[in-house]
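All values below were derived from every heavy atom in this structure, side-chain atoms included, with hydrogens, water molecules and symmetry-related copies excluded. Counting begins at 1 with the first residue of the sequence.
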Amino acid sequence: PERAVSLREVESADLILVVGADPLNEAPMLVLPMRQAWREGARVVVVDPRPVELPFDFDHLPVHPDALAAVLDQLSANAPSADVPDLDGEQVSALAEALKQSSRPVIVCGTDIVSPNLPGKAADVAESLNPKAGLFYLLPGANAFGAAMLSDRMGSVDAVLDAIENGSVKALVVVQNDLFRHAPDRERVAGALKRLDLLVVQDYLDSPTAKAAHVFIPSETMYESGGFFINQEGRLQRARQAARGGIPVALTGHGDHPPREFRRDIPGARNIASFQTLALIAGEPMPPYGDEIKWLPEVEPAFAPVATAAVLSEAGVRIRFTGDIAVAESAPATSASGGDLTLLTVDRTFGTEELSSLSPPLREVEQQPCLILQKEDADGLHLTDGDRVELATDKGKATVNVCVRERMARGVLVLPRHWQYADKTGLPGTGSIVLRKDQILKQ
């Protein structure tokens, strides 16, 4: 909690170290305070395998994902960095010295393409500096922090799938989530869901998980129901109701015009918030809107100080959560060797977020997804910019154009988690897979 920084505090940094993160695509709002800090003279250094772009000058150290932890180890211990592949040892030594000389350093650490231990190593670097650095983690989603705090400690989607496969879970309730979207193995998800006696899905999207449901319950979006979320620094904020929905006219009018009656509300019974539906499923009285803040302290004591009117302010309240958060144990990654390449599936500013991908205006600003690779790797595969290739895995295929970039790590392929590839069963929803050269076929 002592190291967490807000967007406003990032603006005052004099050195920003970004590790395993692509801010413009993963957290566009973060780029604004980063640019403000840069305009005030801050240096920005990005250590990431991807061809990162930012709207200001920065230093980029493109290293393979497997080498990110080694870079942080050497920054923390200020040791020589000769063991980091494709990276000049003097670069890390110079960066370590710059961190030591900085008076207001901030470390931005990603959590998407990195190993599970990298966030902890980023904290080690922050603690080793004097003055100690601020930490800004990029978490997967708007309320990942709050979801982790309220987790039942079951762990991960893999743990849930294990429980279904061994028969200990017979029924599953999925709320505003698509198990297929971020699963490393979509085939396994499909098989597990078929084993269930009952699958109940509540969502506002017609997702693949919703299509597999025995019972589907429509829900409101956060902007219709309101509620609370916790950002990456642990700041609890209210999401105010921006719209009040109802059943569309296309349904209430049965294909014709709406009901001919005058009323103040939108015709048609409105959906109810997910937390209310869950209460009804549990056999409890349906709680009113805004009532969730009253029971949060009963579930997690860290919420006790904020169960007051203070949380209603626009700035919210930073909570101090010092409990344990279950970190899923990921399977050991299969390291690339020889001519193998590591495929990373990543987010893009437009085209990968599920709800916004349904917006026609946002579709117009999407970039066409492409497979990005370093020039030396492209030369080895006899590929040039604009070529079309087929990625063939043991579980499916995907065809995509090639984009060749100079400034990125060798041995890495980067493919956006774009809506066009959301149903390609051979591509991971999250994490990485290793591809042999003969699995990348020029068309």
Distance in Å, Q232 CD paired with C109 SG, rounded so as to fall on 0.5 Å steps
11.5 Å

Between L24 and V52, is the side-chain contact (heavy atoms from CB on, under 4.5 Å) condition met? List the steps.
CA-CA 8 Å; L24 193 60; V52 175; over 6 Å; no

Once side chain to side chain donor-acceptor pair (under 3.5 Å) is applied, do any residues pair with N25, and if so which ones, sequence neighbours excluded?
D22, T349

Pairwise distance CD(E353) to CG(D347) - rounded to 0.5 angstrom
9.0 Å

side-chain contact (heavy atoms from CB on, under 4.5 Å) between N143 and I230, worked out
CA-CA 5 Å; N143 198 27; I230 305 175; 3.9 Å; yes

What's the shortest heavy-atom distance between R238 and F228, and which atoms?
NH2-CZ, 3.2 Å

Quick check on F216: does its CZ atom have over 12 non-hydrogen neighbours (other residues, nucleotides or ligands) under 6.0 Å away?
yes

Roughly how far, to the nearest 0.5 Å, is CG of L172 from CG of D197?
11.5 Å

L358 and L205: CA distance, side-chain angles, deciding distance, side-chain contact (heavy atoms from CB on, under 4.5 Å) verdict
CA-CA 10 Å; L358 302 176; L205 294 172; 3.3 Å; yes

Verify, without hydrogens or angle tests, whether R407 (side chain) and H60 (backbone) share a donor-acceptor contact under 3.5 angstrom.
yes

Is there a donor-acceptor pair closer than 3.5 Å between any side-chain N or O of S102 and the backbone N or O of L99?
no

For the residue pair I113 and P65, what are the closest heavy atoms and their distance?
O-CB, 4.3 Å

For residues D112 and L138, determine if any side-chain heavy atom of one lies less than 4.5 Å from a side-chain heavy atom of the other.
no

To the nearest 0.5 Å, what is the distance between OG1 on T345 and NE2 on H418?
14.0 Å

Return yes if some donor-acceptor pair links the side-chain N/O of R363 with the main-chain N/O of S357 below 3.5 Å, else return no.
yes

Spacing of F321 atom CZ and F303 atom CZ [to the nearest 0.5 Å]:
8.5 Å

Close side-chain approach of V173 and L278, heavy atoms under 4.5 Å:
yes

Show, in sequence, the C-alpha distance, side-chain angles and deciding distance for N231 and L139, and conclude whether the side-chain contact (heavy atoms from CB on, under 4.5 Å) test is met.
CA-CA 8 Å; N231 71 4; L139 302 179; over 6 Å; no

Sequence neighbours excluded, every pair satisfying salt bridge (charged side-chain N to carboxylate O under 4.0 Å, His left out) that has a member inside residues 8-20:
R8-E11, E9-R318

Could you tell me whether R104 and E40 make a salt bridge, using a distance below 4.0 angstrom between a side-chain N and a carboxylate O?
no

Does Q176 have any side chain to side chain donor-acceptor pair (under 3.5 Å) partners at least two apart in sequence or in another chain, and if so, which?
S219, S274

Check this for me, if you would: do E165 and R188 make a salt bridge, where the nitrogen-to-carboxylate-oxygen distance has to be below 4.0 angstrom?
yes

Which value, rounded to the nearest 0.5 Å, describes the distance between L343 atom CG and I433 atom CD1?
5.0 Å

Shortest non-hydrogen contact between T209 and L179, atoms and distance:
OG1-N, 2.9 Å

Could you report the tightest heavy-atom contact between L30 and V108, atom names first, then the distance?
CD2-CG1, 3.8 Å

With sequence neighbours left out, what residues match R320 under salt bridge (charged side-chain N to carboxylate O under 4.0 Å, His left out)?
E2

Tell me, do L7 and F136 make a side-chain contact under 4.5 Å, heavy atoms counted?
yes

Check for a donor-acceptor pair, side chain of E224 on one end and backbone N or O of T221 on the other, with a separation under 3.5 Å.
yes

Heavy-atom neighbours of E127 CD exceed 12 at 6.0 Å:
yes

Does any non-hydrogen side-chain atom of V71 lie less than 4.5 Å from one of V19?
no

I'd like to know if the side chain of R348 reaches the main chain of R417, judged simply by a donor and an acceptor atom lying under 3.5 Å from each other, with no hydrogens or angles considered.
no

Suppose we screen for ring pair (Phe, Tyr, Trp, His ring centres under 6.0 Å). Which residues come up paired with F56, at least two apart in sequence or across chains?
W38

Is it the case that the side chain of E300 and the backbone of A302 share a donor-acceptor pair, with hydrogens and angles ignored and the cut-off at 3.5 Å?
yes

Would you say that more than 12 heavy atoms from the other residues, nucleotides or ligands in this model lie under 6.0 Å from the CD of E354, or not?
yes

With a 4.5 Å limit on heavy-atom distance, are the side chains of V200 and I217 in contact?
yes

State, yes or no, whether a side-chain contact exists between M149 and I319 at a heavy-atom distance under 4.5 Å.
yes

Distance-only, no hydrogens or angles: does the K211 side chain make a donor-acceptor pair with backbone N or O of D206 under 3.5 Å?
yes

Of all the heavy-atom pairs spanning L54 and P23, show the shortest one and how long it is.
CD2-CB, 4.3 Å

Mind checking salt bridge (charged side-chain N to carboxylate O under 4.0 Å, His left out) for R35 and listing every partner two or more places apart, or none if nothing turns up?
none

Validation row: L118, L72 side chains within 4.5 angstrom (heavy atoms):
yes

Side chains of L75 and V92: does their closest heavy-atom pair fall under 4.5 Å?
yes

What is the minimum heavy-atom distance between A21 and V46, and which atoms define it?
O-CG1, 4.1 Å

